[in-house]
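When a residue number appears, it is its place in the shown sequence, counting from 1. Scope of the values below: all heavy atoms of this structure, side chains included, with no hydrogens, waters or symmetry mates.
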Amino acid sequence: MYQQHLFSSLIYSGIFNSRTGINDTNQFSVGEDITKTADPLYASIQKLYSEDTNLIIFQEDKVHRALIDKDAIYSAEGNAAVTSSTQVVGQIVPYAGNYGISTNPESFAVYGYRKYFTDRKRNAVLRLSMDGLTEISSYGMKDFFRDELGSLNNSDNIIGGWDIHSKNYTVSIQQNGTYKTLTFDDSVNGWTSFLSFKPGFLFSLNTSLYSTNDGKIWQHYTFEDNSTERGRFYNTSYDSSVEFVFNANQSLVKNFKTINYEGSKDWQLGIKDIDPTSDTYLQLIGGMFTSTDSALPITKAINILTQASNLVDLQNQLMQNNFKVKENKYFANLINSTISQPGEVLWGQDASGIKGFFATVQMSVDNSLGGKKELFAVSTNYVESSY
C-alpha cells in the first residue's frame, strides 16, 4: 500500500454537534475541497490554534493565519475584502518575520490576544499579538537564549505556560537533566526572575497556576500545612537570591568598603568568585569576608539580628561578624581576611574592602526561616584605589 506523509497539509471532516447529536467526524467527502496546504518550504505544521474566526498555523519556520468559513479576495493594490465562502479553511496569510515554533509546540502559551512560544532554530522567544511577532528574548536576554537554545537538540524540552496568578509567561528550558526556568513580564517588557522548579507541564485554571512533576499535579502560590515558607516547590525548599553589579565610574579602580541594604532581616551577601571560570560565590558571614582561599566558596551562615535597645547592645553588635541594624537599615564593613601574598601592598588581613573595577554581588535569604522577606535597596560605599 502506498503511503504519503503530508507534513504541511490540513484535512477536515464533517461537523460534530453535541447538542443535536450530529457526529460526522469520520466522514471525508471526496466531492468537496477538504484539504488545505501550507507552504512546505517552511517544514512541518507543529501546532494549530483557533482564535475567534481565524486559525493560526505554526510551522517549524513560519507562522500563518487562515480564515475560517470565509475567504479573502485581494485587489490589485493588495487590499483584502472578506467574503463568505463554502470553504472551511480559507486564504492562508503569513505573519511578517521569518520565525516558527521549530519542533517545540510544548513551549506555546496564550493569554488574551497574546501568544508566546520559542523558536529554537533561531534562538528566540516570541510573542504574537495584534501588532504581529515580537522577539521578546532580545529584551536584555539575547545572549542567554542564544547559548541555552542553541545547545538544545530534538530530544530536549522547552515547557511554556501562562501564569495567571502573576500575569507572566513562564518558560523552562530542559536539557540532559538540567533546567533553567524563568519568567517574562509584559508590564515591564523584561525577564524578571529565575525560578527553582522543573515543570513537566504548565497550565492555569481560574486564578491558580498548576504544574506537573513526577506524575503529580501541583498547585503553586499555596503554603503546605499552614506554613509561611516561600520558595518551596514539589516539597523541596530553595533559597531566594537577587544578583546585581556595582559598577559606578567604570574606568576607576575602586575599593568597596561597606555594604548596606534596606529590607527584612536574614539577608546574606555573596561576592562573585574572582575566578572567571567559576559560578560560585564567596559567602560573607554578615558582611565579613572570611575566605582563606578565593577559589573556594564558604558555607553560608544565617544572620538573625534584632534592633539594639541600648548603647551596650549596639556596642556589642559593632564587634560582631554580621550585619548591624540602625534605624531599620542594615550595614556591614567588607573586611578582607585572606592570607597576604608575597609582594602585596596594602593587602592581607589588615586591609578592608574589596578591590576591583566592579563587584558582582548576590543577596540571598534562607526561605526555611519562614515569612515574607523583602529587599528594597542595596548600596555600597567605595573609595578610589590603586594597586
Side-chain angles (χ1 to χ4, degrees), residues 148 157 159-161 163-185 191-205 207-244 259 261-273 278-287 290 296-306 321-323 325 330 360-376 378:
E148 295 299 325
N157 295 320
I159 307 299
D163 184 349
I164 191 67
H165 184 274
S166 60
K167 296 294 190 295
N168 289 331
Y169 170 62
T170 302
V171 59
S172 180
I173 303 172
Q174 304 173 2
Q175 179 186 29
N176 296 329
T178 64
Y179 68 94
K180 290 185 178 178
T181 305
L182 60 163
T183 59
F184 178 82
D185 189 347
W191 298 88
T192 55
S193 180
F194 284 90
L195 304 175
S196 300
F197 68 94
K198 179 184 178 181
F201 184 66
L202 275 170
F203 63 97
S204 291
L205 181 63
T207 59
S208 299
L209 173 67
Y210 298 88
S211 68
T212 62
N213 181 269
D214 291 335
K216 299 178 181 179
I217 299 178
W218 301 82
Q219 182 179 356
H220 293 247
Y221 303 105
T222 60
F223 300 110
E224 302 173 3
D225 300 326
N226 297 320
S227 171
T228 59
E229 181 180 346
R230 264 71 173 174
R232 186 174 180 86
F233 302 103
Y234 311 141
N235 283 335
T236 302
S237 297
Y238 301 88
D239 292 347
S240 295
S241 63
V242 181
E243 181 181 306
F244 48 89
I259 185 73
Y261 82 86
E262 298 178 40
S264 306
K265 67 177 183 178
D266 304 331
W267 284 94
Q268 302 165 93
L269 175 70
I271 300 292
K272 187 69 172 182
D273 196 325
S278 174
D279 291 328
T280 61
Y281 285 84
L282 304 178
Q283 298 294 336
L284 296 176
I285 303 179
T290 60
L296 297 176
I298 299 171
T299 303
K300 183 167 50 179
I302 300 173
N303 311 308
I304 304 177
L305 292 179
T306 58
N321 185 15
N322 52 29
F323 278 105
V325 58
Y330 294 83
T360 302
V361 301
Q362 183 188 75
M363 296 294 292
S364 61
V365 67
D366 186 350
N367 285 313
S368 65
L369 299 175
K372 180 170 62 175
K373 305 299 180 182
E374 298 177 313
L375 186 65
F376 301 111
V378 181

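- For S204, there are no side chain to side chain donor-acceptor pair (under 3.5 Å) partners, not counting sequence neighbours.
- The two residues D185 and K167 make their nearest non-hydrogen contact at OD1-O, 4.1 Å.
- Not a single ring-ring contact (aromatic ring centres under 6.0 Å, His included) links F376 to another residue, sequence neighbours left out.
- Ring orientation note: the planes of Y261 and Y330 are close to parallel, at an angle under 30° on the 30°/60° scale.
- Scanning both residues, Y234 and S211, for their nearest heavy atoms gives OH-OG, 2.7 Å.
- Scanning both residues, K198 and N213, for their nearest heavy atoms gives O-ND2, 3.1 Å.
- To the nearest 0.5 Å, atoms NE2 (H165) and CD (Q219) are separated by 9.5 Å.
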*asked:* Between N235 and W218, does the side-chain contact (heavy atoms from CB on, under 4.5 Å) criterion hold? Intermediate values first, please.
replied: CA-CA 10 Å; N235 283 335; W218 301 82; 3.6 Å; yes
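- Of the possible donor and acceptor atoms, none in the side chain of S172 sits under 3.5 Å from a partner among the backbone N and O of I159.
- Checked by atom type and distance alone, the side chain of W267 never pairs as donor or acceptor with a backbone atom of S241 at under 3.5 Å.
- Checked by atom type, the side-chain pair S368/D366 shows a donor-acceptor distance below 3.5 Å.
- With contacts defined as side-chain heavy-atom distances shorter than 4.5 Å, the pair H220/F233 qualifies.
- When each of D163, V171, L195 is tested with T183 by the rule side-chain contact (heavy atoms from CB on, under 4.5 Å), just one qualifies, namely L195.
- No more than 12 heavy-atom neighbours from other residues, nucleotides or ligands sit within 6.0 angstrom of NZ on K180.
- Between the side chains of N367 and S240, at least one donor N or O sits under 3.5 Å from an acceptor N or O.
- The side-chain heavy atoms of L202 and F197, taken from C-beta on, include a pair separated by under 4.5 Å.
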_Derivation of the side-chain contact (heavy atoms from CB on, under 4.5 Å) call for Y238 and T236_ = CA-CA 7 Å; Y238 301 88; T236 302; 3.7 Å; yes
